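Here is the structure we will look at.
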Amino acid sequence: QVQLVESGGGLVQAGGSLRLSCKASGRAFSAYNMGWFRQAPGNERGIVAAISPSGTRTYYADSVEGRFTISRDNAKNTVYLQMNSLNPDDTAVYYCNAALGTSVQAMSPQRGYWGQGTQVTVSS
């Protein structure tokens, strides 16, 4: 089992940047695909970015491609999401996800372990 704790959310103006972190505890962090999802009020939870266990493969939603970067440090059991050029549409609760037996393209809201989420609010 994996426990996940997100941090780094907050209030930022449009055009600004934030860096989210997700610290994992438990066993075999380096075996898990890791993903960032987000959920805005009234919307379903959707994938933002994902990274393979070794960090060699990544996936991004079209809406964040070129603005967000996912990375991981297996020695620190931590995955990061660098978010640049933020806009109000990025406002949501951001969740960290850990899953086995999948690919970065197939990360799903229906599987894996979740953190408690961190709020990101982008003002116009």
Side-chain angles (χ1 to χ4, degrees):
Q1 191 168 356
V2 176
Q3 293 80 41
L4 304 171
V5 179
E6 301 97 334
S7 62
L11 174 64
V12 63
Q13 289 188 330
S17 298
L18 283 174
R19 188 194 196 202
L20 305 183
S21 298
C22 173
K23 174 75 172 178
S25 59
R27 301 178 66 180
F29 170 79
S30 61
Y32 286 82
N33 289 283
M34 299 298 298
W36 286 98
F37 289 72
R38 68 186 181 186
Q39 187 168 19
N43 290 351
E44 295 183 350
R45 190 174 299 188
I47 185 74
V48 174
I51 189 166
S52 63
S54 65
T56 55
R57 295 183 301 278
T58 57
Y59 169 84
Y60 296 95
D62 289 344
S63 58
V64 307
E65 181 83 54
R67 300 188 297 122
F68 291 10
T69 302
I70 189 170
S71 61
R72 67 190 295 163
D73 186 337
N74 285 344
K76 296 182 178 180
N77 281 13
T78 303
V79 62
Y80 305 97
L81 185 68
Q82 177 66 44
M83 305 186 295
N84 299 328
S85 301
L86 286 161
N87 62 65
D89 289 341
D90 297 314
T91 296
V93 178
Y94 284 70
Y95 295 91
C96 181
N97 175 263
L100 293 171
T102 183
S103 65
V104 292
Q105 293 88 352
M107 298 285 285
S108 166
Q110 277 74 45
R111 64 186 301 171
Y113 300 98
W114 295 94
Q116 82 288 351
T118 186
Q119 177 71 47
V120 171
T121 302
V122 184
S123 63
S124 57

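Just so it is clear, the model here is predicted, and its values are computed rather than measured.
A donor-acceptor pair under 3.5 Å is absent between the side-chain atoms of Gln116 and the main chain of Val5, judged by distance alone. Side-chain N or O atoms of Glu6 include one that pairs as donor or acceptor with a backbone N or O of Cys96 at under 3.5 Å. In terms of modelled atom types and a separation under 3.5 Å, the side chain of Arg45 and the main chain of Val93 share no donor-acceptor contact. Between the side chain of Lys23 and the backbone N or O of Lys76 there is at least one donor-acceptor pair closer than 3.5 Å.
Every residue meeting the side-chain hydrogen bond (donor to acceptor under 3.5 Å, both in side chains) condition with Ser108, not counting sequence neighbours, appears here in chain and number order: Gln110.
Note: the hydrophobic cluster containing Tyr80 does not contain Tyr32 (ILVMFWY, side chain heavy atoms under 4.5 Å, direct or indirect links). When the side chains of ILVMFWY residues are joined at heavy-atom separations under 4.5 Å, either directly or via intervening members, Val122 and Phe68 end up in a single hydrophobic cluster. When hydrophobic clusters are built by joining Ile, Leu, Val, Met, Phe, Trp and Tyr residues whose side-chain heavy atoms come closer than 4.5 Å, directly or via intermediates, Trp36 is grouped together with Val12. The hydrophobic cluster containing Val120 also contains Met34, counting ILVMFWY residues as joined when their side-chain heavy atoms lie under 4.5 angstrom apart, directly or transitively. Leu4 and Val79 end up in the same hydrophobic cluster when Ile, Leu, Val, Met, Phe, Trp and Tyr side chains are linked at under 4.5 Å.
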Original post:
How far apart are the C-alpha atoms of Met83 and Val48, what are their side-chain angles, what is the distance that settles it, and do they pass the side-chain contact (heavy atoms from CB on, under 4.5 Å) test?
Top reply: CA-CA 11 Å; Met83 305 186 295; Val48 174; over 6 Å; no

Subject >> side-chain contact (heavy atoms from CB on, under 4.5 Å) between Asn33 and Met107, intermediate numbers included >> reply: CA-CA 8 Å; Asn33 289 283; Met107 298 285 285; 3.6 Å; yes

Original post:
Are Gln1 and Tyr113 close enough, and set up right, to give a side-chain contact (heavy atoms from CB on, under 4.5 Å), and what steps lead you there?
Top reply: CA-CA 8 Å; Gln1 191 168 356; Tyr113 300 98; 3.5 Å; yes

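The structure places OG1 of Thr78 at 12.5 Å from CG of Leu20, a figure rounded to the nearest 0.5 Å.
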Which pairs of donor and acceptor atoms, one on a side chain in residues 56-66, lie under 3.5 Å apart (sequence neighbours left out)?
{"from": "Thr56", "atom 1": "OG1", "to": "Ser54", "atom 2": "OG", "distance (Å)": "2.9"}
{"from": "Tyr60", "atom 1": "OH", "to": "Ile70", "atom 2": "N", "distance (Å)": "2.9"}
{"from": "Ser63", "atom 1": "OG", "to": "Arg38", "atom 2": "NH2", "distance (Å)": "3.4"}

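No more than 12 heavy atoms of other residues, nucleotides or ligands shown are found within 6.0 angstrom of CD on Glu44. Counted within 6.0 Å of CD on Gln13, heavy atoms from surrounding residues, nucleotides or ligands total 12 or fewer; the atom is thus considered open.
Tyr95 and Trp114 have perpendicular rings, their planes meeting at more than 60° on a 0 to 90° scale where under 30° would count as parallel.
Asn74 approaches Ser30 most closely through the heavy-atom pair ND2-CB, 3.6 Å.
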